[in-house]
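Report on the structure given below.
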Amino acid sequence: QPVQVLESPKIVIKETMKKPSEIVDSARIAFESGRTKSLEFREQQLRNLLKMYEENEQEMLDALKKDLNKSKMEGVLTEVGYLINDLKSLIDNFKEWAEPEKVTRGLANIMDNALIYKDPYGVVLVIGAWNYPLQLAMIPVSGAIAAGNAVVIKPSEISPASAEFIARTLPKYLDNECYQVMCGGVQETTELLKEKFDYIFFTGNGAVGRIVHAAANKHLTPVTLELGGKSPVYLDDTVDVDVAVRRILWGKCINAGQTCIAPDYVLCSKQMEAKFIESSKNVLKEWYGENPQKSPDLCRIVSDNHFKRISKFLNYGKIAVGGGVNAEDRFIEPTILIDVQSTDQIMQEEIFGPILPIININNVDDAIRFINEREKPLALYIFSANKSNVDTLLQNTTSGGVCVNDTLMHLALESLPFGGVGPSGMGAYHGKYTFDTFVHKKSTLVKNLSKLSEKMQSARYPPYTEKKLNF
Ligand code: NAD
């Protein structure tokens, strides 16, 4: 099989790539051959994938550095190490998850067997986003393989080094027909989406999510949409401000704020705002030094267009901390804004950069109102030592997930399903939930054929009588 290499996101496709229809047709033929269903084959492919990660760790970190200036620490923590751990756990568990599951039966089925079989869907499309360009594409891919599917992978063109790594390296390790990479941007993805898939797993923004959903709908293809939105932080006066600042700013600064569940804005009292700002100045200096642009630990904004969009947000409210930018370097300093109006553009769209506005509220009810007047977020962060405030927020808001007294960390716990609700997405994955995403749960009742069983159930046959009805 020719390796579909992307040299630069613009030229590749037309010259070296197979057409979407060719890719999908050959993946379908491979699926129909039945080999992806064999548990041994799945295991072999997953072990090859693990080998790919382990043998190419440095190349993966280099690609992340090129795309986003990711430090080694962030690259290992949020991408390469994360991928390896997730895959090891998948390899250890997927055979058990793939077993037909016995379910409880009533008296009427006491002699029968009731089972849920885990059928692979068929040919799955995974569309990745640029902000965590390796793991957002590859975690769903490994889950889809473990579940017995053939997979077409479309990495994001906005992170070309990572996309190129996947396109060049994956075919060296995995079956070239069952698992295929297609690179490209809007045009290529639009073409790809005209094909019939059996499942689509999309990560990206809500506008494109709607396009993907509409394309899937034409074939009644089920989807997972991992989208974004504005994830609020509620911070009340009961919390140790230095702990809160570290946990909130870490969530905001990692990947330069380009994280789907980055804390988007803070809701707190005016008194807490003053303490938060003082503490933030110290923490940011401790982390990134006097000149944060020189810090090796801060990522860059992914493209000039993204830089232009985010840097405009600095014009809203008043800069309380930070505010430095450098367009050539696509650098935006971690920044805190105060006196922002809820009608300002920065409060209308997901920030997706290292800028944190603070909105003042007086109490927990104000916070609930503010949150519920907006779209259901992907994550809600509650910082409070007051259990009643935490419970009130939990009971009166809806979000994809919640993390109390920290940010982002709920994503790392594989026993928690990760996903959005409403405009922040549909479906969820991570750990066993990733495997479950990619199987159709086939309800199966296996009836006993014995005469005794037949006799026990004979009341259902005509002629119908009152006696049978009361049986
Ligand atoms: P992106 O630009 O990489 O787009 C995502 C994918 O959609 C890419 O593969 C791209 O090629 C494809 N695409 C773009 N335009 C398209 C079109 N018109 N038709 C078909 N396909 C198209 O990423 P993005 O959308 O900028 O990603 C950022 C967004 O994703 C944020 O909103 C963020 O919150 C969200 N996100 C969500 C998660 C999650 O797990 N829920 C994770 C990461 C990012």
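When a ligand or atom number is given, it counts from 1 through the structure's own listing order. Position 1 is the first residue of the sequence, and the numbers go up from there.
- For atom 10 (C) of ligand 1, the closest non-hydrogen atom of the protein is Glu157 OE1, 3.4 Å.
- Taking the charged nitrogens against the carboxylate oxygens, Glu74 and Lys70 have no contact shorter than 4.0 Å, which rules out a salt bridge.
- Considering backbone and side-chain atoms alike, Tyr429 places every N or O at 3.5 Å or more from each N or O of ligand 1.
- For ligand 1, the polar-atom distance check finds an N/O of Ser156 within less than 3.5 Å of one of the ligand's N/O atoms.
- For Phe418 and Tyr433, the distance between ring centers is not under 6.0 angstrom.
- Distances from atom 2 (O) of ligand 1 to the protein include at least one heavy-atom value under 4.0 Å.
- If you look at Leu227 next to ligand 1, the close heavy atoms, those under 4.0 Å, all belong to the backbone.
- The aromatic rings of Tyr381 and His410 sit perpendicular to each other, their planes meeting at more than 60°, with 30° as the lower class boundary.
- Taking all heavy atoms of Gly228, Gly204, Pro140 into account, the minimum distance to atom 30 (O) of ligand 1 is reached by Gly204.
- If you check the side chains of Asp175 and Gln45, you find no donor sitting under 3.5 Å from an acceptor.
- For atom 5 (C) of ligand 1, the closest non-hydrogen atom on the protein side is Thr203 O, 3.5 Å.
- Between Arg369 and Asp366, at least one side-chain N (NZ, or NE/NH1/NH2) sits under 4.0 Å from a carboxylate O, which counts as a salt bridge.
- Residue contacts with ligand 1, taken as heavy atom pairs separated by less than 4.0 Å, do not involve Thr259 at all.
- Looking at Asn205, its side chain does come within 3.5 Å of a backbone N or O of Val208 through a donor-acceptor pair.
- The closest protein non-hydrogen atom to atom 36 (N) of ligand 1 is Cys260 CB, 3.4 Å.
- Contact annotation: for Val208 versus ligand 1, heavy atoms closer than 4.0 Å belong to the side chain alone.
- Closest to atom 18 (N) of ligand 1 among all protein heavy atoms lies Val186 CG1, 3.4 Å.
- Under a 4.0 Å criterion applied to the non-hydrogen atoms of Leu136, ligand 1 contributes the atoms 42 (C), 43 (C).
- Taking a cutoff of 4.0 Å between a charged side-chain nitrogen and a carboxylate oxygen, Glu191 and Lys194 qualify as a salt bridge.
- For atom 34 (O) of ligand 1, the nearest non-hydrogen atom from the set Gln135, Glu188, Glu350 belongs to Glu350.
- Within the 4.5 Å cutoff, the side chain of Glu177 has no heavy atoms near those of the Arg28 side chain.
- Annotation: atom 7 (O) of ligand 1 to nearest protein heavy atom, Phe202 CE1, 3.3 Å.
- Residue contacts with ligand 1 do not include Tyr132, since none of its heavy atoms lies under 4.0 Å from the ligand.
- Considering only non-hydrogen protein atoms, atom 21 (N) of ligand 1 sits nearest to Thr189 CG2, 3.2 Å.
- The protein heavy atom nearest to atom 24 (P) of ligand 1 is Trp130 NE1, 3.6 Å.
- Taking the six-membered ring for Trp and the full ring otherwise, Tyr429 and Phe201 have centroids separated by under 6.0 Å.
- For the pair Asp436 and Lys118, the salt-bridge criterion is not met [side-chain N within less than 4.0 Å of a carboxylate O].
- For residues 122-150, the pairs satisfying side chain to side chain donor-acceptor pair (under 3.5 Å) are Tyr132-Thr259, with sequence neighbours left out.
- Against a heavy-atom cut-off of under 4.0 Å, Ile211 is close to the following atoms of ligand 1: 18 (N).
- By the criterion of a heavy-atom distance under 4.0 Å, both the backbone and the side chain of Asn205 are placed next to ligand 1.
- At a 3.5 angstrom cut-off on N or O pairs, Lys154 counts as close to ligand 1.
- Near Ile158, the atoms of ligand 1 lying under 4.0 angstrom from a non-hydrogen atom of the residue are 2 (O).
- In this structure, Asp67 does not pair ionically with Lys65, as no charged nitrogen and carboxylate oxygen lie closer than 4.0 Å.
- When hydrogens are left out, the protein atom nearest atom 40 (O) of ligand 1 is Phe418 CE2, 3.3 Å; that is the closest non-hydrogen contact.
- Ring-centre distance between Phe31 and Tyr121: not below the 6.0 Å cut-off.
- Residue contact check: Asn131 has heavy atoms under 4.0 Å from atoms 43 (C), 44 (C) of ligand 1.
- Only the side chain of Leu378 comes within contact range of ligand 1, with a heavy atom under 4.0 Å; no backbone atom does.
- Heavy-atom proximity to Phe352, at under 4.0 Å, picks out these atoms of ligand 1: 28 (C), 31 (C), 33 (C), 34 (O).
- For Gly128, the heavy-atom gap to ligand 1 drops under 4.0 angstrom.
- Looking at heavy atoms from C-beta onward, His430 lies out of side-chain contact with Pro417 at the 4.5 angstrom threshold.
- Listed by first then second residue, pairs satisfying salt bridge (Lys or Arg N to Asp or Glu O under 4.0 Å) with a partner in residues 293-321 read Arg300-Asp329, Arg309-Glu349, Lys318-Asp339, not counting sequence neighbours.
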